[in-house]
Each structure stands twice: as structure tokens, then as C-alpha cells.
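Below, read A as the first sequence line, B as the second, and so on, with proteins coming before strands; counting in each chain starts at 1. Since the structure is predicted, the reported quantities are computational estimates derived from the model, not experimental observations.
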Protein chains: 2
Amino acid sequence: MAKRGPYEKGEAKRSEILHAALEIFAAEGYRGTSLRKVAAKCSLSLPGLMHYFDSKEDLLTQVLRMRDETARVRQAERADPHGYREIIREGAKTPGLVELFVSMAAAASDPAHPAHAHFAERYPVLRERVADFVRDGVAEGRISSAVPPERLAVLLIAVADGIQLQWLIDRSTDMEQPIEDLLSVLDPRTAPDGA
Amino acid sequence: MAKRGPYEKGEAKRSEILHAALEIFAAEGYRGTSLRKVAAKCSLSLPGLMHYFDSKEDLLTQVLRMRDETARVRQAERADPHGYREIIREGAKTPGLVELFVSMAAAASDPAHPAHAHFAERYPVLRERVADFVRDGVAEGRISSAVPPERLAVLLIAVADGIQLQWLIDRSTDMEQPIEDLLSVLDPRTAPDGA
DNA sequence: GTCTATACGACGATAGAC
DNA sequence: GTCTATCGTCGTATAGAC
């Protein structure tokens, strides 16, 4: 809707708030970041900020949603339709944001949490994208068909999420090596040493 | 340390607090559980509880440590020296505790967090245990040696941690299937369909 | 619709009496 | 070792100016 009108300014401010929140959480982590800090960064009072969001959890959920969206767009621009490796790299790099993602996923285990819906729809979509990647790999002979693509997708996503936990504790952890190891093990062309 | 004396009661109370905290977090989740609730369950005031712990994060860290310890003992009793599958199952079942584990791992990304040291020493130990399991598997021909055991260990732990995130959102997720799939793919005896 | 001011209840934490 | 009392900060709720 390219509708001009009274909503224009509000949407701009809402976007400014989301970007400011993202920046602060990236810099200072999930813990110890208050809404008052975010409000101050936007030259706003706390209630002024809350005018745009239902709650702190709602704001955080939208920050996560925005991150996912920009990552998705960037990926589409590269004409990398189901580059599984890119899906992995997208989340990484910034400890504060990985911490945000993991913390939100934990909190979203409560079905009443605003982020629950986000994750509940994100995982099936992600699974389907990765399953497509797997199907392509199978067709090209890069990936074994011993396990159904849907189940391999669950496995690949688990590796991507899980390695982030290890990386959060030890930043020297190589987040791409396990992925490459798994893909290499899945590759039928890699002659397995038959016992 | 069979020393009798003034510490006896204190240690008992400390243990009671840890068990009470574990129970409450298991039942009500990580969010929305306050120290005052834990204190009440122990017939104690908040400061009375804080006498035993430096901070909330310190208490939570010790809860996690206790869980790890009991799981380790239970495993040793079974003479299941490096049962990798048991390591996986140990964490599961209770959403509140999985949520606690994931939340703590995220918070522990800060080196100043009391749980950081716990995870920082836990992961290498876990990695070594799983690597032993892998080495046994390689010796028995159950696991391919295409990837070094140390790297397979990282991969296996990532799967175990990562699948928990998916399970937190969708409880119908099978947490053992991806593990079995991975082990099956790693098995050289499973004839790969050569393209 | 956008925003400020003010206030509320609950939290984790601490000081000091007993 | 345990208490009462209190502190500062958090997220949230409401009233009302523009």
C-alpha cells in the first residue's frame, strides 16, 4: 500500500526503533538491555516507545522478524535460492544477535509468547527450504538418499542451531566445519571405508 | 569431608534450595519464576535465601551443575561409559529444564556470567566423552573414519543441542530421530547408493 | 496518532539488627 | 543464619497534552 498519509511518520519511527533496538542488543547483548535505553537512543520517553509496541516481547519479536526478512531478501538477491550454507551464515557473526536468537527461542517455548508464532511458522518454512536444497543435492548425486530429505532437513537445521550454542561459549569454534563435515559424510561420492 | 559441625545444616538447606529451584523451574519455566517463590517454598525470606548464593545467576548455575552431576552419576551406574544416546536423553523430557539450559547457555556467552565457566569446561569434557564413543564405533566398524572423531563429536553435540531448540517450539518433534539418522549415515555398513 | 509525565507493582540486591 | 526494611531498576498502565 503506497498510501500516503498520517501513517508515514509513524512507520518511519517504528522502523527507527527496531533498528536502534537491534543495534543495542548486538552491542550489549540480550541481558542488561532495557527499553529505556532503546527509548533514549530514539529520543523518546518509554511510554512514547511503547506506543508502537504492545510489550517488550512484542518489540523483540519484531526485531527478530526484521532480521529474518532482511536475511531472506539478501539471499534472494544473490540468486542463491536455497543456499543452505547461506542460511547458516546469516545468523552468525554477532554474538549479541545470536544470543538474542537463542534466548528468544527458549522464551518462545511458551505458546503464549509473541515469538512463538514466529518460530512456529519459521521452522517449517526453513525445513522446506533446506529439504529443497537436499532434493537438489540428491538429484545431482551430491547427497545420499538413504535418509528422506525432510528428515535430513531437520538434521541440518539442528546442526546449524546447535553449533551456535557451542560458539557462544567458545568463539574460536568453527561454525562451518560441522556443516561441511556433515555434507561430506552425506556425499555418496566420498568412498566410505567399508570397515 | 565427613566433618560434623556448624556446616551440616547449611549444606542441607543449600541442597533443599537447589532442589526446590529445580522443581519450580521445571514446572513454571525459566521466565516468570522469581527467587521469592523459591524462597517461599523453602520457608525462607529472600535475603535468607540469598545468604546461600551470591546472586540469582549463581543459584541457577548451581542448579544446572547439580543436574549435570546427577545425570553423570546415573550414567556411570549403568556402566554405560560413553553412551552417547544417554547424553542426549538426559536433558530432554522436561520443557522447563530444556528452556533453562538453553537460556543459561545464551546468557553464559558473557564471560562474566557465573555459568560461563560451567559451560566452558562442560563442552570440552562432553566433546571428549563423545569422541571416545566415536572412536569405539570406528573400531567396531559402526562409524566411518572419514571425519576425525574430535570433529564428529562437535557435530554430534551440535545435533543434540540444536534439536532441542526445534523441540521447544514444536513438542511433537522427535528428538532421537535426527541422532539415529546421523549415526545411520555415518555407518559404513549402510551401503550408500552410489548416485 | 504521537507523545510526555507520573505512578504502580515486582524484581534482584543490600544494610544492618537479632 | 535469618530476619525486616529499603534501594534502584525493570516492564507496564493510565491520564492527558498536542
Run the numbers on A:Glu57 and B:Arg31 for salt bridge (charged side-chain N to carboxylate O under 4.0 Å, His left out), then give the verdict. CA-CA 12 Å; A:Glu57 293 173 335; B:Arg31 299 180 323 148; 2.3 Å; yes

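- Within the helix from C:dG1-D:dC18 to C:dC18-D:dG1, the inter-axis angle between the opening and closing five-pair segments is 10°, rounded to 10°.
- A:Asp187 and A:Gly141 make their closest contact through OD1-O, 3.9 Å (heavy atoms, listed as atom of the first residue, atom of the second, distance).
- Checking side-chain atoms of A:Ser15 against main-chain N and O of A:Glu11 turns up no donor-acceptor pair under 3.5 Å.
- For B:His51, no side-chain nitrogen or oxygen approaches OP1 or OP2 of D:dT2 to under 4.0 Å.
- Geometrically, A:Arg142 engages A:Phe133 in a cation-pi contact defined by less than 6.0 Å to the ring centre and at most 45° from the axis.
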Show, in sequence, the C-alpha distance, side-chain angles and deciding distance for A:Asp132 and A:Arg135, and conclude whether the salt bridge (charged side-chain N to carboxylate O under 4.0 Å, His left out) test is met. CA-CA 5 Å; A:Asp132 279 344; A:Arg135 277 187 276 267; 3.2 Å; yes

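- Taking the ring axis of B:Phe101 as reference, the NZ or CZ atom of B:Arg67 does not stay both within 45° of it and closer than 6.0 Å to the ring centre.
- Between the side chains of B:Asp181 and B:Gln177, a donor-acceptor pair is found at a separation under 3.5 Å.
- A side-chain donor-acceptor contact under 3.5 Å links B:Tyr123 and B:Asp161.
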In 5'-to-3' order, the base (B), backbone-only (S) or no-contact (-) status of each nucleotide in nucleotides 3-18 of chain D, using a 4.0 angstrom heavy-atom cut-off, is BBB----BBBB-----

